[in-house]
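As the structure is a computational prediction, the values presented were derived from the model and not from experiment. Along the sequence shown, the residues carry numbers beginning at 1.
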Amino acid sequence: MRLVLLGVALGVLVEGFAWLLRWWEFRRKLFLLVQVVGMYGLVMGGLAAWVPRLGPGPTFGLACLLGLCSELLNVAFLKWWRFCDGRDDSSWGRLVVLLVLALAWGAAPLVIARTDTALVGAWRATGAADPFRELEARKRHLLVKREALLARLREVDHRLRALDRREQRLLERRTRRTPGRPRPEQEGEMREPGKEEGT
């Protein structure tokens with residue numbers, strides 16, 4: 001998405017400069033919008049994303065081919081924009097202009113990719129927080145907190161089990177003592193012979 005936005009920005013810059021110098025003009029503003037968003041943003045911005053994989057040379061060649069096809073399609077059929085120099089579109093001079101424009105199209109994705117790299121480097125150089133690194137740091141912090149809570153929970157479980165074992169031992173001692181204790185009736189019977197001897 002960032003490369004597409006940079007492509008749109010490049011399209012606005014180039015088309016604005018061409019409009020000021022009267023190099024060419026569009027028949028409708030809608031055609032200009034399609035050119036800036038579609039060709040500069042989506043096509044050239046998309047090719048800029050492939051520069052690290054394809055390399056500058058193949059990307060330049062592919063962009064040149066697409067740009068030349070776009071220019072030839074407009075001159076031959078679409079007529080979305082026209083050149084303001086008054087030359088015939090079928091002349092050799094016009095063909096040279098189209099070839100120069102094709103080379104300019106070839107440089108577009110390279111310029112977009114280089115600008116993106118420079119902007120990212122400048123952003124990191126200013127010390128601005130990378131959102132991905134910030135998320136990773138927060139995630140690590142939460143993982144550490146979770147491990148601390150789990151360790152605390154294990155400690156509480158251990159203490160509860162110790163209390164359960166202690167309670168079980170106390171109950172066992174109490175049950176062992178209870179059968180041997182004489183009941184009150186038995187204590188009275190044991191005292192009767194003593195009383196008779198006293199009388």
Spatial distance of atom [atom1] ([X]) from atom [atom2] ([Y]) [nearest 0.5 Å]:
X      : Y      : atom1 : atom2 : answer
Leu99  : Leu95  : CG    : CG    : 4.5 Å
Arg166 : Arg159 : CZ    : CZ    : 13.5 Å
Leu73  : Leu66  : CG    : CG    : 12.0 Å
His158 : Leu163 : NE2   : CG    : 10.0 Å
Leu160 : Arg165 : CG    : CZ    : 10.5 Å
Asp157 : Leu153 : CG    : CG    : 4.5 Å

Check for me, please, whether [X] and [Y] land in the same ILVMFWY cluster - side-chain distances under 4.5 Å, paths through other members count.
X      : Y      : result
Leu150 : Leu142 : no
Val34  : Val75  : yes
Phe17  : Val8   : yes
Val97  : Trp81  : yes
Leu68  : Val96  : no

Is there side-chain contact between [X] and [Y], with heavy atoms separated by less than 4.5 Å?
X      : Y      : value
Arg146 : Leu149 : no
Arg114 : Val111 : no
Arg2   : Leu119 : no
Asn74  : Trp24  : no
Thr115 : Leu10  : no
Glu15  : Leu32  : yes

Please find the pair of heavy atoms, one from [X] and one from [Y], that lie closest to each other, and give the distance.
X      : Y      : value
Ile112 : Gly45  : CD1-N, 4.0 Å
Gly106 : Cys64  : CA-SG, 3.5 Å
Ala48  : Leu3   : C-CD1, 4.0 Å
Phe60  : Leu103 : CE1-O, 3.7 Å
Pro109 : Val51  : O-CG2, 4.2 Å
Leu78  : Arg27  : O-NH1, 3.8 Å

Can you pull the ring pair (Phe, Tyr, Trp, His ring centres under 6.0 Å) pairs that have at least one residue in residues 27-49, sequence neighbours excluded? Phe31-Trp80, Tyr40-Trp105
Using the benzene-type ring in the case of Trp, are the ring centres of Phe26 and Trp19 under 6.0 Å apart? no
Those residues at least two apart in sequence (or on a different chain) that pass salt bridge (Lys or Arg N to Asp or Glu O under 4.0 Å) with Arg22 are Glu25
Charged N to carboxylate O under 4.0 angstrom, Arg152 versus Glu155? yes
Over 12 foreign heavy atoms within 6.0 Å of CH2, Trp50: no
